[in-house]
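Remarks on the structure that follows.
Scope of the values below: all heavy atoms of this structure, side chains included, with no hydrogens, waters or symmetry mates. By convention in this document, chain letters (A, B, ...) are assigned in the order of the sequence lines, proteins followed by strands, and residues within each chain are numbered from 1.
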Amino acid sequence: MDKYNHKKVEDNWKKHWFDNNIYKAVDFSPKPKKYILAELPYPSGKFLHLGHMMRYTVPEIYSRFMRMRGYNVLFPMGWDCFGLPAETYAIKNGITPQEAVAEAMTNFKASMQDMGYAIDWAREIDTSDPKYFKWTQWMFIELWKKGLAKVKVMPVWWCKELGVLADEEVLPDPDGPTGKKAERDGHPVEKRLFKQWVLDIPAYADRLLKDLDTVDYNEAVKEGQRNWIGKSEGAKIIFRVKNVEEKEIQLEVFTTRPDTIFGVTFLAISPQHPAVELLIKNTKNEKQLKDYIEKASGLSDLEKQKKDKTGVEIIGVLAENPLNWRRVPIFLADYILADYGTGAIMGVPAHDGRDYEFATKYNLEVVEVINNPKNNQENNDNADSEKLLYEGKGVLKNSDSFNNMGSDEATKAILQKLKEIGAGEEAVTYKIREQIFSRQRYWGEPIPLIYKKDGTIENIPIEQLPLELPIIKDFYATKEGESPLEGVGEWVNTTDSQGNAAKRDTDTMPTWAGSNWYYARYIDPKNDKEFANMDKLKYWMPVDKYFGDAGHTTAHLIYARFWYKFLFDLGLVPSSEPFNWRMSGGILLGADNRKMSKSRPEYSVDPKDTIDNYGADATRTFLAFLGPYSETFPWNENGIKACYRLMRDIYNLRVKVSNDIGSKGHAIEKDYHKTLKNITGMLEDLKMNTGVSEIMKFVNLLKKQKDIPQDIWRGFIAILAPFAPFLSEQLWQEINNYADWIDENSIHLQEWPQYIEELTVDAMVNIPIQINGKLRAVIAVKSEISEAEIREAVILEDKVRKYITSPEDIKNFRYVKGKVVSITI
RNA sequence: GGGCGAGUGGCGGAAUGGUAUACGCGACGGACUUAAAAUCCGUUGGGAGUUAAUCCCGUGAGGGUUCGAGUCCCUCCUCGCCCACCA
């Protein structure tokens, strides 16, 4: 008998599968469609590590299962090539980004084929391919035309040596001069203002929030998105100010608690607030204020967080509370965010923790306007600081005509009053920000706009797309913070639509530009007339199951939804949501118990090693067996050895398969149908880990048999197929004695076997007997037994008689059919 | 500080409110071997009891609902992830 040789088994079949593309998805097939999507990797680094493979294996097993169940399955794969990871990798290795991604794509694809992934490679995409990013650029132009892509001056990370840096290139550096350093070479990094393209995602905030109700994401993902969008309802309230030159200035604040307006004892505004310049002019401490603004602009967000709140009073101006005309001081304060709400707040120290902290520091008055229920019962003669702060709702006091109202009632009444006097109204604000959409970098989609002599902007004509990157040797970020493209004169200098000299925009798009819509391109990847044909989109979209990184729950998933909604508004896609269902995958930890990562290759397992040593089937089965998809697991080589033994044992079972087709009455007939039923349910529920254990159990049973009926063996091979595609193909071809390869004969194009329901239930069942909640006996009875019959049987049971001397002892007898007998005595 | 999730053997984990610890790893004992590895067989939550029958305890802690709770509810503790001066 020949021994299981995983190499021999696995080298044989993948050539046939991929040369003939047996896993192809058929447009407009009459079968029901199933679009199963796993996030595309970005090809940087030498290999996809086992952590990636864990992310893909469960979706892939599911895709095979659905194919065998008669669905027309689309399970595509592609490469998110543009962006920083590839550029960094190229710099480190002294090659160009183009070379870096080409090398990585080749390796990654080979790796996935080695794993046997059932991917329709005819639909492979590469976001850095001009044929692809032509459409990314085209969509950007549409966004720009609709005013959703616009130029803004924004603070970005900047370093004297390296120029503009992305968030992920910047590390904390508590001892350094700026508190931040570049990941590369450790140069100090600070924030500088630069012109940036931004996407107006907040314009879609409300729809992004509401439409969460129409999709099937798990609650954690939805909550993550809701928090990210961060809708707050409250009011905008206008405070009047006269500056030292007696000009009237209005300061608008945002608050979620209009009911506390009588407790305002100061106003605080962001140092970046647009009215600041006017406000501080000719004030007594103008110089001090200007110094403060200068200092605050240099702070990183992290530093702002750690530091105590600071502020400087604008001496000489006061703000007037519109309801009680009380005049309060105005502070510049760095704890006020310029780009949230109105960039200004009303300070209510009695009822807001941050305001309280600030007021304490600067000796500002604390006026209580909401009764603190905790203080009610006590005589608060020793009014210590803790008791002064109360952030909950309650009954108003010290609030003129609004006294004794509850917070909710008072909010309504106060808003009504503010509206009457024209000093405020309801307002909604969101945490979600405009997203910076440009990078002063080489390796990205060029922004397809040009600047005319007169300073206006126009897009390059659609027929001239794609606008490709010039091939240059020196693609490093520049020290001045300009894009490396700035120096490529022959590329930058162009002509506008009237034939006048003009300059190209030299920014490129961020890493995540291409991944906003890639799932739509898989549907029609070769189309050069449009990004995807509407009829095909109608057939395939939306995505039925979307698997990806837990870290993408907010950013990527929101951006993609925004982008798709925009396409929907243009009438170019058939639905307003791209993904019907989403599950986030867990993490595989390396030998150092930290996440496997490209940046730490020494702790990341190359699947090539496990495929060489144990085979792709064992590797796949191991990854599926680890546990639930969304959990985190440590790498353990013994686990994969166990899966190798499983494959070997299955292979060795071949010799027991009898020539008899029929399994009727065979000892394992019922076990087979039960196993099949269990695994079918588990695969539907994506519980691949228990699916593998069902296979293990059944194999343990088969090993004990003298012979295995051929129909059960055939069914078992089909059950095995999604998990171990190579071995199952081998066994299937063998049992059928196929001489030559024919696509239709592949196990992977066979139907999923049917179980017979009657054979999954046993004639006899073991029923546990609980007496007063404690398990006292187990009896075997006919599964169809009646309550009266089982009562009789239970009373006769010796172990029960130990506790019950006569039937009268039984106060309550309960039989839950097929489950349990529960007796109360 | 906010949000979400999770706490079950030595370890990864299993369990529509119904026999807790399936399946796998590890460990221990045995077989084979000159020996080791590999392989095979057996044992494996804790305690009492004779290695038996049997009994007690046991799913982070404490309460509750229920005939019955790992599972549902309340309070608390711990850990993980995400967000974080968001007014």
Side-chain angles (χ1 to χ4, degrees), chain A residues 218-232 234-235 253-257 260 268 270 301-302 304-309 333-337 339-348 351-355 357-358 391 429-433 550-551 553-555 584 586-587 621-622 625-628 630-643 645-646 648 678 681 685 687 689-700 703 766-779 799 802 811-825:
Chain A
N218 66 35
E219 213 34 50
V221 173
K222 284 191 182 185
E223 242 349 88
Q225 296 224 347
R226 287 190 196 111
N227 289 341
W228 187 267
I229 296 166
K231 182 177 182 172
S232 286
V253 302
F254 175 76
T255 179
T256 53
R257 294 293 302 276
T260 63
S270 161
D301 294 344
L302 197 79
K304 284 190 199 162
Q305 270 171 49
K306 287 204 173 142
K307 259 178 41 173
D308 281 346
K309 296 172 179 38
D334 59 6
Y335 79 98
I336 308 303
L337 304 174
D339 47 1
Y340 179 77
T342 60
I345 61 126
M346 55 181 214
V348 185
H351 305 292
D352 182 285
R354 294 153 305 180
D355 297 347
E357 200 186 312
F358 190 79
E391 297 187 283
T429 188
Y430 298 92
K431 285 187 207 171
I432 195 168
R433 309 292 167 83
T553 298
T554 42
S584 298
I587 301 169
T621 309
F622 165 72
F625 185 52
L626 278 168
S630 50
E631 298 298 312
T632 295
F633 306 100
W635 162 242
N636 170 8
E637 185 141 6
N638 285 321
I640 200 165
K641 285 181 184 164
C643 293
R645 286 196 286 268
L646 177 68
R648 181 204 60 198
N678 289 344
D685 296 341
K687 291 183 179 170
N689 54 329
T690 53
V692 174
S693 61
E694 282 296 310
I695 288 177
M696 287 171 166
K697 275 193 254 187
F698 191 62
V699 168
N700 287 342
K703 275 156 62 176
N766 290 325
I767 298 293
I769 298 164
Q770 293 175 359
I771 299 172
N772 286 350
K774 281 194 187 293
L775 177 72
R776 295 301 182 190
V778 177
I779 57 168
K799 287 174 187 168
K802 277 175 58 181
K811 291 207 190 80
N812 188 9
F813 183 96
R814 185 189 306 251
Y815 173 52
V816 183
K817 192 168 183 305
K819 290 274 161 67
V820 72
V821 167
S822 185
I823 297 169
T824 312
I825 55 172

How many whole angstroms separate atom [atom1] of [X] from atom [atom2] of [N]?
X	N	atom1	atom2	value
A/K222	B/rG5	NZ	P	13 Å
A/Y430	B/rA84	OH	C1'	20 Å
A/E391	B/rG2	CD	C1'	12 Å
A/M346	B/rA87	CE	C1'	9 Å
A/E357	B/rG1	CD	P	12 Å

Helical stems, RNA chain B - three or more consecutive Watson-Crick or G-U wobble pairs below 3.5 Å: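 Runs of three or more consecutive pairs: B:1-7 with B:77-83, B:10-12 with B:23-25, B:26-31 with B:39-44, B:45-48 with B:54-57, B:60-64 with B:72-76.
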Same-atom distance (P) from B/rA69 to B/rG58, integer angstrom: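 B/rA69 and B/rG58 have their P atoms separated by 12 Å.
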Contacts table for residues 767-774 of chain A: side-chain donor-acceptor under 3.5 angstrom, sequence neighbours left out:
from: A/N772; atom 1: OD1; to: A/I825; atom 2: N; distance (Å): 3.0

Nucleic acid footprint by protein, nucleotides 10-15 of chain B - heavy-atom cut-off 4.0 Å, B for base, S for sugar-phosphate alone: --BSSS
Can you name the atoms? Protein N/O to nucleotides 54-62 of chain B N/O, anything below 3.5 Å, with the distance.
from: B/rU54; atom 1: O3'; to: A/K802; atom 2: NZ; distance (Å): 3.3
from: B/rC55; atom 1: OP1; to: A/Y803; atom 2: OH; distance (Å): 2.9
from: B/rC56; atom 1: OP1; to: A/R776; atom 2: NH1; distance (Å): 3.3
from: B/rC56; atom 1: OP1; to: A/R776; atom 2: NH2; distance (Å): 3.1
from: B/rC56; atom 1: OP2; to: A/R776; atom 2: NH1; distance (Å): 3.2
from: B/rC57; atom 1: OP2; to: A/K774; atom 2: NZ; distance (Å): 3.1

Sugar-phosphate, base or nothing in reach of A/R433, heavy atoms under 4.0 Å: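 Base: the residue A/R433, judged by heavy atoms under 4.0 Å, touches a nucleobase.
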Listed nucleotide nearest any side-chain atom of A/E223, set B/rC67, B/rA87, B/rG3: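 Closest nucleotide among those given: B/rG3.
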Results of side chain to side chain donor-acceptor pair (under 3.5 Å) for A/K802 - residues two or more places apart only: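 Testing A/K802 for side chain to side chain donor-acceptor pair (under 3.5 Å), a comparison that skips the adjacent residues, returns none.
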Partner set under salt bridge (charged side-chain N to carboxylate O under 4.0 Å, His left out) for A/D355, not counting sequence neighbours: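 So A/D355 forms no salt bridge (charged side-chain N to carboxylate O under 4.0 Å, His left out) with any residue.
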